[in-house]
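Inspection log for the structure reproduced underneath, given as C-alpha cells.
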Amino acid sequence: MSVIVQFTVKVQDVDRFVAASEKYAPMMEEMGSRNGAVYEDENEPGLMSTMSEWDIHDQMHAATEKAGDDFNREAGTEGLDWTTHIWARKGSS
C-alpha cells in the first residue's frame with residue numbers, strides 16, 4: 001500500500017521554494033513520486049508543505065537522500081527545521 005509523504009517548512013522566499021520544487025519534480029517522479037504538489041498555508045504566509053504519493057517510505061527516502069542537499073541550497077531551506085509526516089491510508093472517506 002502506498003504512503004503520502006508531507007514535508008513542511010517555513011521559508012523566507014516562497015517563489016524560490018516553489019521554483020526549486022518545480023525543478024526537482026521530474027526527478028522525483030522518475031524515482032517514484034506521484035501526484036506531488038506544493039502548498040502555502042493561507043493563514044501563515046511562507047509556511048510551505050509538499051505532498052506526494054510513494055509506493056513505500058524507503059523509496060521516498062532514497063530520493064531525498066539523492067537530491068535533498070541540492071534542493072535545500074536552491075530552495076533557500078538549508079539549516080531550516082522541516083516537519084515530516086508519512087501518512088498510511090486507513091479508510092476510504
Side-chain angles (χ1 to χ4, degrees):
M1 177 162 293
S2 65
V3 295
I4 302 292
V5 178
Q6 177 186 23
F7 292 113
T8 306
V9 65
K10 177 78 173 190
V11 302
Q12 294 293 318
D13 187 337
V14 170
D15 292 335
R16 181 178 176 183
F17 183 84
V18 171
S21 296
E22 290 177 354
K23 177 181 177 181
Y24 283 84
M27 185 181 78
M28 293 291 113
E29 290 170 3
E30 286 177 12
M31 297 187 73
S33 171
R34 296 184 302 277
N35 304 314
V38 179
Y39 300 90
E40 182 178 19
D41 188 319
E42 289 184 352
N43 296 312
E44 190 174 340
L47 182 60
M48 306 301 293
S49 183
T50 64
M51 295 182 218
S52 55
E53 183 177 7
W54 297 81
D55 289 333
I56 57 173
H57 182 180
D58 289 344
Q59 185 183 34
M60 174 280 304
H61 186 70
T64 57
E65 284 292 316
K66 179 177 180 179
D69 290 340
D70 292 335
F71 174 85
N72 283 323
R73 275 190 291 281
E74 291 191 39
T77 55
E78 286 182 300
L80 298 182
D81 292 326
W82 289 75
T83 302
T84 304
H85 293 277
I86 309 297
W87 300 95
R89 186 174 179 169
K90 297 296 181 183
S92 62
S93 60

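Every heavy atom of this structure was used, including side-chain atoms; hydrogens, water molecules and symmetry mates were not.
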From NZ (K66) to CE (M31), nearest 0.5 Å: 5.0 Å

Any side-chain donor near an acceptor of the partner, W54 and S52, under 3.5 Å: yes

From CG (N35) to CD (E29), nearest 0.5 Å: 9.0 Å

Listed partners of F71 passing ring-ring contact (aromatic ring centres under 6.0 Å, His included), at least two apart: F17, Y24

Any S21 side-chain heavy atom under 4.5 Å of M48 side chain: no

Considering all heavy atoms, the nearest I56-V3 contact: C-CG2, 4.1 Å

For R73, all residues meeting salt bridge (charged side-chain N to carboxylate O under 4.0 Å, His left out), sequence neighbours excluded: D70

Spacing of CD belonging to Q59 relative to CE belonging to M28, to within rounding of 0.5 Å: 10.5 Å

Within-4.5 Å side-chain heavy-atom neighbours: R34 and D55: yes

Shortest non-hydrogen contact from P26 toward E22: CD-O, 3.4 Å

In one Ile/Leu/Val/Met/Phe/Trp/Tyr side-chain cluster, 4.5 Å: M27, V38: yes

E40 (side chain) donor-acceptor with G46 (main chain) under 3.5 angstrom: yes

Nearest atoms (heavy-atom pairs only) where R89 meets G91: NE-O, 2.9 Å

More than 12 heavy atoms from other groups under 6.0 Å of CD on E42: no

CA sep, side-chain torsions, deciding dist, call: I86, M60, side chain to side chain contact (heavy atoms under 4.5 Å, CB included): CA-CA 10 Å; I86 309 297; M60 174 280 304; 3.9 Å; yes

Minimum heavy-atom distance between S2 and E53, given as atom pair plus value: OG-OE2, 2.7 Å

Gap separating the CG atom of L80 from the CD atom of Q12, nearest 0.5 angstrom: 8.0 Å

D81 side, atom CG; K10 side, atom NZ - distance, nearest 0.5 Å: 13.5 Å

Co-membership, hydrophobic cluster, residues F7 and V14, 4.5 Å side-chain: yes

Side-chain touch N72/W82, heavy atoms, less than 4.5 angstrom: yes

H61 atom NE2, over 12 foreign heavy atoms within 6.0 Å: no

L47 with V5, same ILVMFWY side-chain cluster at under 4.5 Å: no

